> 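Take this structure first; my questions come after.
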Amino acid sequence: MLIEIKSLINEAQIQKIHEILAGTAFVDGKATAGKAAEKVKFNLESSLAPEKQQLLNRILMASLGNNQQFKSFALPNRMADFIFSKYEPGMTYGDHVDDPIMGGGGGRFRTDVSMTVFLNEPDAYEGGELTVRTPFGDRKVKLAAGDAVVYPSASVHQVAPVTSGVRQVALTWIQSYVRDAARRELLYELDQAREKLLDIDSEAQEAKYVDRSYANLLRMWAEL
């Protein structure tokens, strides 16, 4: 399952991110690719001073912490620092799956969920669509600045070649409290129904049943 989050970050936050990134060196993205992915990865990624990395993380994490759709879908336990990526004309990222284990000195973690936050408008570049393979066919994603897409890290995905302009995105990976993608999907859909029923009448027996079922399924499947 793949979800799109509209307006995860606002215009002022986007502008601040670009200000912080101004003058930052961007290096060959192969440096952060696994052995298989490095053969198909052709992009640039930020090389940030620690203080800039922390500031950018704070901007994005503050929005994620307040976004109920993200929390419901990802059930985040641990998250990677954001990577800021650019695709200039001719750059692409072929079919790949994300590394299953990431992290260094700060600790290793399992990647269950991947996230792309778009930092410039879709008319600023040609091509560059993120294509995620799903059981129901390929999903092509090219969203407005500030929007995000979230999907299972085990999904085969690619970034189409950029033919003009520059594609700019922020990327992160999440270890979920619930490892299995099918279980996360069931919990997400149940949580959407639960929230709706609680909004309508939190005292209704049906709302209480669904609320209790959600809580107990999460208790059954969560890994700490």
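The residues of the chain are indexed from 1 along the displayed sequence. Note that this is a predicted model, so its numbers are computed, not measured.
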> Please report the C-alpha distance between Ser72 and Gln192 in whole Å, then the side-chain angles of each, then the deciding distance to 0.1 Å, and finally whether the side chain to side chain donor-acceptor pair (under 3.5 Å) criterion is met.
CA-CA 8 Å; Ser72 176; Gln192 302 309 293; 3.3 Å; yes
> If you count the non-hydrogen atoms of other residues, nucleotides and ligands that lie under 6.0 Å from NZ in Lys16, is the total more than 12?
no
> Flag this pair as yes if the NZ/CZ of Lys52 is under 6.0 angstrom from the six-membered ring centre of Phe84 and inside a 45 degree cone about the axis; otherwise no.
no
> Considering only Ile, Leu, Val, Met, Phe, Trp and Tyr, and joining two whenever side-chain heavy atoms are under 4.5 Å apart, list the other residues clustered with Val156.
Val97
> Contact between Leu75 and Leu218 at the side-chain level, heavy atoms closer than 4.5 Å - yes or no?
yes
> Which residues satisfy the side chain to side chain donor-acceptor pair (under 3.5 Å) test with Asp95, sequence neighbours excluded?
Arg133, Gln158
> Mind checking what makes salt bridge (Lys or Arg N to Asp or Glu O under 4.0 Å) contact with Asp191, not counting sequence neighbours?
Arg194
> Mind checking whether Met115 and Val149 have side chains closer than 4.5 Å, heavy atoms only?
no
> What's the separation between atom OG in Ser63 and atom CD1 in Ile9, rounded to the nearest 0.5 Å?
6.5 Å
> Closer than 3.5 angstrom, by distance alone: can the side chain of Arg139 be matched with the main-chain N or O of Leu130 as a donor-acceptor pair?
no
> Within 45° of the axis and under 6.0 Å from the centre of the six-membered ring of Tyr87, does NZ or CZ of Arg167 qualify?
yes
> In sequence, state the C-alpha distance, the side-chain angles, and the governing distance for Ser153 and Ser114, and then conclude on side chain to side chain donor-acceptor pair (under 3.5 Å).
CA-CA 5 Å; Ser153 299; Ser114 300; 2.8 Å; yes
> For the CD atom on Gln69, are there more than 12 heavy atoms of other groups (residues, nucleotides or ligands in this structure) within a distance under 6.0 Å?
yes
> Evaluate the side-chain proximity of Leu2 to Val150: yes if any heavy-atom separation is below 4.5 Å, no if none is.
no
> Apply side chain to side chain donor-acceptor pair (under 3.5 Å) to residues His157 and Asp98 and explain how you reach the verdict.
CA-CA 9 Å; His157 55 285; Asp98 293 330; 3.3 Å; yes
> Kindly indicate whether the side chain of Tyr125, heavy atoms from C-beta on, has any atom under 4.5 Å from the side chain of Val166.
no
> Check whether any side-chain heavy atom of Asn67 lies under 4.5 Å from a side-chain heavy atom of Ile5, and answer yes or no.
yes
> Of Leu171, Val159, Val141, which is the lone residue that meets side chain to side chain contact (heavy atoms under 4.5 Å, CB included) with Thr116?
Leu171
> Would you say that His96 contacts Lys41 through its side chain, given a criterion of any heavy-atom pair below 4.5 Å between the two side chains?
no
